[in-house]
Student: 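My structure is below; once you've seen it, I'll send some questions.
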Amino acid sequence: MEPGDCDGDSTAVSALLQGGVKRVVIGMRHPLQHFRGNAVRALRSQGLQVDLLGEDLTSKLIEDAQKECLLVNAPLICRASSRVPFSVLKYAMTLDGKIAASTSHAWWISSKKSRSLVFELRARSDAIIVGGNTVRRDNPRLTARHGGGHMPMRIVMSQSLDLPEEANLWDMSEVSTIVVTQRGARKSFQKLLASKGVEVVEFDILNPRDVMEYFHDRGYLSVFWECGGTLAASAISSGVIHKVYAFVAPKIIGGKNAPSPVGDLGMVEMSRALNLIDVCYQQVGPDMLVSGFLQPLPDMTPTIPSREETFVVDPTVSPYESSIIFFYKTWDPYGALSNFSPHPIQMPDENGDNVTWLNVEHYYQAHKFVGVDDTSAQDCLERNKSAKSPEEAARIGRLAIRPEWDNMKIDVMYSALKCKFSTYPHLSSMLISTAGSVLVEASPHDLFWGGGREGEGLNYLGRLLMKLRSEFIEESSSSSESPSLAVWYF
Ligand SMILES: NC(=O)C1=CN([C@@H]2O[C@H](COP(=O)(O)OP(=O)(O)OC[C@H]3O[C@@H](n4cnc5c(N)ncnc54)[C@H](OP(=O)(O)O)[C@@H]3O)[C@@H](O)[C@H]2O)C=CC1
Ligand SMILES: Nc1c(N[C@@H]2O[C@H](COP(=O)(O)O)[C@@H](O)[C@H]2O)[nH]c(=O)[nH]c1=O
């Protein structure tokens with residue numbers, strides 16, 4: 001896939017140039033519109049031969065290769081085009097189509113070898129999702145137990161929150177769990193979960209599409225559904241399932257009431273059955289794994305035109321020319337302005353020793369606890385330091401707030417921003433290039449740092465970035481009379 005330039009950070013493209021590569025064959029252009037075509041152009045401008053499958057190279061063989069590229073990048077394509085993570089529904093069933101006995105007993109249908117493969121598939125996902133009933137019946141662990149590697153987040157969807165007080169999923173020692181539920185459901189149980197460190201997210205109406213859109217916004221790329229038939233049917237009906245992995249074990253359990261992998265879809269004629277596409281059959285130990293796509297992968301060409309293509313079709317549609325620049329998610333245009341962008345900063349601590357923070361968010365959230373003489377604050381600080389993502393750092397930061405925080409938070413934020421944009425020249429150039437535009441953090445929830453859903457927020461993050469921008473522009477124009485800076489300034 002064409003590399004993204006990550007807001008002016010051309011490391012990937014430079015590595016190809018420095019490595020002495022003469023020709024680059026690109027399987028597909030970058031699925032995000034604001035990256036699309038940039039690397040192709042940059043490589044060509046440096047004299048490299050760049051061939052794009054399906055554009056510069058065409059043949060039957062190339063078509064097959066192009067297909068492979070699309071399949072491998074399916075999660076990215078889905079995210080970019082449908083704004084939900086790529087979702088895989090996986091289940092293990094007997095030859096007579098049952099996912100458990102009529103008593104609900106289900107351990108085990110598939111073989112050990114199949115279950116090891118499931119651990120690998122889990123480890124390739126950002127999250128595993130189950131319904132409330134699977135938690136009640138199976139008390140699953142949902143970990144990727146194959147020795148090291150990535151551990152996906154665990155998500156439980158439960159409307160009633162009628163869940164056990166003790167469960168393997170509430171053991172957060174190895175990996176975290178998020179419970180998504182209906183607004184107002186069992187507040188006392190929500191408190192109990194929170195006391196165990198389980199995050200609870202409430203939805204006005206709990207349904208798979210809203211839940212997936214929410215996790216898209218939190219940055220999830222792929223989700224692995226290991227629920228029973230009730231939630232599986234709801235997810236398929238909502239159109240959020242893209243791929244299916246069915247492990248079929250050569251066993252027969254029978255039972256009129258034994259559950260099957262997909263509940264009611266409201267279809268009464270076989271002609272309406274959903275046909276899988278790109279189906280693969282693979283023997284795994286004694287079982288057969290049948291996999292395939294439920295929906296065709298979107299054709300990127302018409303849905304995601306490059307920046308120039310959009311401009312040719314409609315010159316008024318150019319997000320780069322509006323006088324307000326909105327930023328929010330790190331993968332959007334100007335995403336590097338977000339505090340969640342993966343740019344580590346080094347800041348001196350109270351003894352003057354340099355400490356590295358994973359990103360501005362980690363630094364900012366940690367300062368709610370730094371220097372506070374209290375064991376729970378120190379515990380939060382340790383948890384902040386080991387938090388793997390800015391989202392987690394933000395979550396920990398909500399646990400406690402020092403009394404004087406309101407008076408110090410703007411200074412803490414400004415010093416972190418200054419450090420970030422001074423450390424990375426491509427970021428400061430990007431910030432300076434926005435001169436003349438109002439910067440607004442498009443957070444619908446944070447009415448202090450963000451602009452709010454309808455402009456009701458105070459937008460302090462945007463304001464601090466604009467202040468920093470003026471400082472940089474002033475510094476550069478006083479240190480040199482560079483003509484390009486003069487252009488930015490005016
Ligand atoms: N062999 C296999 O691969 C698997 C087998 N199983 C087996 O399946 C059985 C459980 O199946 P099933 O009852 O279908 O369990 P599910 O995992 O599908 O859970 C259903 C529950 O999901 C919750 N839910 C939340 N939102 C929705 C929604 N929009 N639509 C539907 N459900 C929603 C509800 O929880 P709440 O009631 O809490 O509100 C609902 O009762 C068990 O016997 C288990 O062993 C389960 C997974 C895989
Ligand atoms: N029974 C069954 C599966 N069931 C799924 O695995 C979950 C248990 O995961 P864990 O607790 O991590 O081992 C269970 O809740 C359900 O989602 N999976 C399979 O590959 N094969 C099987 O035969």
Side-chain angles (χ1 to χ4, degrees), residues 88-123 125 128-146 151-152 154-164 167-169 171 174-175 177 179-183 185-186 189 193 200-212 224-241 244-251 253 255 257-265 284-287 289:
V88 174
L89 169 66
K90 165 258 151 187
Y91 51 83
M93 68 173 198
T94 59
L95 206 50
D96 54 334
K98 313 291 187 192
I99 57 163
S102 46
T103 56
S104 291
H105 189 260
W107 292 11
W108 295 105
I109 295 166
S110 58
S111 64
K112 196 156 185 238
K113 204 160 174 191
S114 293
R115 285 182 279 119
S116 301
L117 178 56
V118 168
F119 293 153
E120 275 177 41
L121 295 171
R122 284 179 180 174
S125 315
I128 303 170
I129 190 160
V130 290
N133 211 23
T134 296
V135 180
R136 288 188 287 270
R137 304 282 182 197
D138 290 358
N139 188 18
R141 281 189 279 169
L142 306 180
T143 46
R145 309 187 280 279
H146 63 353
M151 277 282 199
R154 301 170 301 188
I155 300 170
V156 177
M157 267 182 83
S158 169
Q159 277 140 341
S160 65
L161 270 200
D162 181 13
L163 300 171
N168 288 326
L169 291 181
D171 172 1
E174 272 187 291
V175 60
T177 300
V179 173
V180 292
T181 189
Q182 195 82 26
R183 189 164 307 289
R186 291 190 71 199
F189 192 73
L193 289 177
V200 179
V201 181
E202 295 183 305
F203 284 78
D204 289 334
I205 297 172
L206 187 67
N207 64 70
R209 176 149 294 272
D210 287 354
V211 170
M212 285 303 97
F224 199 59
W225 294 68
E226 289 202 64
C227 49
T230 315
L231 184 54
S234 175
I236 291 176
S237 305
S238 313
V240 299
I241 301 292
V244 176
Y245 278 94
F247 288 88
V248 185
K251 295 177 183 173
I253 183 79
N257 297 323
S260 63
V262 181
D264 195 6
L265 291 176
V284 188
D287 308 325
L289 169 59

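Counting starts at 1 for both ligands and their atoms, in listed order.
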Student: In the protein, what heavy atom is nearest to atom 11 (O) of ligand 1, and what distance, to one decimal place, separates them?
Tutor: Gly228 CA, 3.5 Å
Student: Taking the side chain as every heavy atom from C-beta outward, state whether Met157 and Leu206 have any atom pair closer than 4.5 Å.
Tutor: yes
Student: Look at ligand 1 and say whether Asp162 reaches it with a heavy atom at a distance under 4.0 Å.
Tutor: no
Student: Name the option, out of Glu226, Gln182, Met157, that contains the heavy atom nearest to atom 23 (C) of ligand 1.
Tutor: Met157
Student: What does the 4.0 Å heavy-atom contact list look like for ligand 2?
Tutor: Lys90, Ala92, Ala106, Trp108, Ile109, Ser110, Arg115, Val118, Arg122, Thr134, Asp138, Pro140, Arg141, Leu142, Thr143, Arg145, Glu226
Student: Is there side-chain contact between Leu89 and Cys227, with heavy atoms separated by less than 4.5 Å?
Tutor: yes
Student: With a 4.5 Å limit on heavy-atom distance, are the side chains of Val135 and Leu169 in contact?
Tutor: yes
Student: Using a 4.0 Å heavy-atom threshold (strictly under), name the region of Val135 that reaches ligand 1: side chain, backbone, both or neither.
Tutor: neither
Student: If I apply the N/O under 3.5 Å rule, does Ser104 come out as touching ligand 1?
Tutor: yes
Student: Would you check whether Val130 has a nitrogen or oxygen atom less than 3.5 angstrom from a nitrogen or oxygen atom of ligand 1?
Tutor: no
Student: Quick one: closest heavy-atom pair of Ala144 and Arg122, and the distance?
Tutor: CB-CB, 4.2 Å
Student: For a 4.5 angstrom cut-off between non-hydrogen side-chain atoms, does Ser237 reach Leu265?
Tutor: yes
Student: When you look for heavy atoms under 4.0 Å from ligand 1, do you find them on the side chain of Pro261, its backbone, both, or neither?
Tutor: neither
Student: Does either side chain, that of Asp287 or that of Ser110, offer a donor lying less than 3.5 Å from an acceptor on the other one?
Tutor: no
Student: Does CD1 belonging to Ile236 count more than 12 external heavy atoms closer than 6.0 Å?
Tutor: yes
Student: Identify, for atom 10 (C) of ligand 1, the protein heavy atom at the shortest distance, and state residue, atom and that distance.
Tutor: Thr134 OG1, 3.9 Å
Student: What do you reckon, does Cys227 have a nitrogen or oxygen under 3.5 Å from a nitrogen or oxygen of ligand 1?
Tutor: no
Student: Is there a donor-acceptor contact under 3.5 Å from the side chain of Gln182 to the main chain of Asp204?
Tutor: yes
Student: Please list the nearest protein heavy atom to atom 38 (O) of ligand 1 with its residue and the distance rounded to 0.1 Å.
Tutor: Ser158 OG, 2.6 Å
Student: Contact between Asp162 and Phe189 at the side-chain level, heavy atoms closer than 4.5 Å - yes or no?
Tutor: no
Student: Do Ser114 and Ser111 get their side chains close enough for a donor-acceptor pair, meaning under 3.5 Å?
Tutor: yes
Student: Closer than 4.0 Å to some heavy atom of Tyr91 - which atoms of ligand 1 meet that?
Tutor: 3 (O)
Student: Enumerate the atoms of ligand 1 whose separation from the nearest heavy atom of Leu206 is less than 4.0 angstrom.
Tutor: 25 (C), 26 (N), 29 (N)
Student: Less than 4.5 Å apart, side chain to side chain, heavy atoms only: is that true for Pro286 and Lys251?
Tutor: no
Student: With a cut-off of 4.0 Å, which atoms of ligand 1 are near a heavy atom of Ile109?
Tutor: 1 (N)
Student: Could you list which atoms of ligand 1 come closer than 4.0 Å to a heavy atom of Ala100?
Tutor: 43 (O)
Student: Does a side-chain heavy-atom distance below 4.5 Å link Thr181 with Arg186?
Tutor: no
Student: So which protein heavy atom does atom 33 (C) of ligand 1 come closest to, and at what separation?
Tutor: Leu231 CD1, 3.7 Å
Student: What's the shortest distance from atom 1 (N) of ligand 1 to any protein heavy atom, and which residue and atom give it?
Tutor: Ala92 O, 2.9 Å
Student: Before signing off on this row, confirm whether Gly131 and ligand 1 have an N or O atom pair separated by under 3.5 Å.
Tutor: yes
Student: Looking at Gly229, which atoms of ligand 1 are within less than 4.0 Å of one of its heavy atoms?
Tutor: 14 (O)
Student: For atom 46 (C) of ligand 1, is some protein heavy-atom partner under 4.0 Å away?
Tutor: yes
Student: So is Arg137 polar-close to ligand 1, meaning N/O to N/O under 3.5 Å?
Tutor: no
Student: Which ligand 1 atoms, with their elements, are less than 4.0 angstrom from a heavy-atom of Ala106?
Tutor: 45 (O)
Student: For atom 34 (C) of ligand 1, what is the closest protein heavy atom, and at what distance to 0.1 Å?
Tutor: Gln159 OE1, 4.0 Å
Student: Is it the case that the side chain of Asp96 and the backbone of Ile253 share a donor-acceptor pair, with hydrogens and angles ignored and the cut-off at 3.5 Å?
Tutor: yes
Student: Heavy atoms, side chains only, cut-off 4.5 Å: are Arg154 and Thr143 in contact?
Tutor: yes
Student: Of the protein's non-hydrogen atoms, which lies at the shortest distance from atom 29 (N) of ligand 1, and what is that distance?
Tutor: Ser234 OG, 3.3 Å
Student: Using the side chain to side chain contact (heavy atoms under 4.5 Å, CB included) rule, take Arg115 and Trp107 through it: C-alpha gap first, then chi angles, then the decisive distance, then the call.
Tutor: CA-CA 11 Å; Arg115 285 182 279 119; Trp107 292 11; over 6 Å; no
Student: Looking only at heavy atoms, which two atoms of Leu231 and Pro208 are closest? And how far apart?
Tutor: CD1-CG, 4.5 Å
Student: Numbering the atoms of ligand 1 from 1, which are under 4.0 Å from a heavy atom of Gly132?
Tutor: 19 (O), 21 (C), 22 (O), 23 (C), 35 (O), 38 (O)
Student: Would you say Ile99 and ligand 1 have an N/O pair spaced under 3.5 Å apart?
Tutor: yes
Student: Could you list the atoms of ligand 1 found under 4.0 angstrom from a heavy atom of Asp138?
Tutor: 44 (C), 45 (O)
Student: Without swapping roles, check the side chain of Ser234 against the backbone of Thr230 for a donor-acceptor pair under 3.5 Å.
Tutor: no
Student: Report, as yes or no, whether the 6.0 Å neighbourhood of atom CZ on Arg137 holds more than 12 heavy atoms from other residues, nucleotides or ligands.
Tutor: no
Student: Answer yes when Arg141 and Glu174 have at least one side-chain N-carboxylate O distance shorter than 4.0 Å, and no when they do not.
Tutor: no
Student: For atom 41 (O) of ligand 1, find the nearest protein heavy atom and state the residue, atom name and distance (0.1 Å precision).
Tutor: Arg136 NH2, 3.8 Å
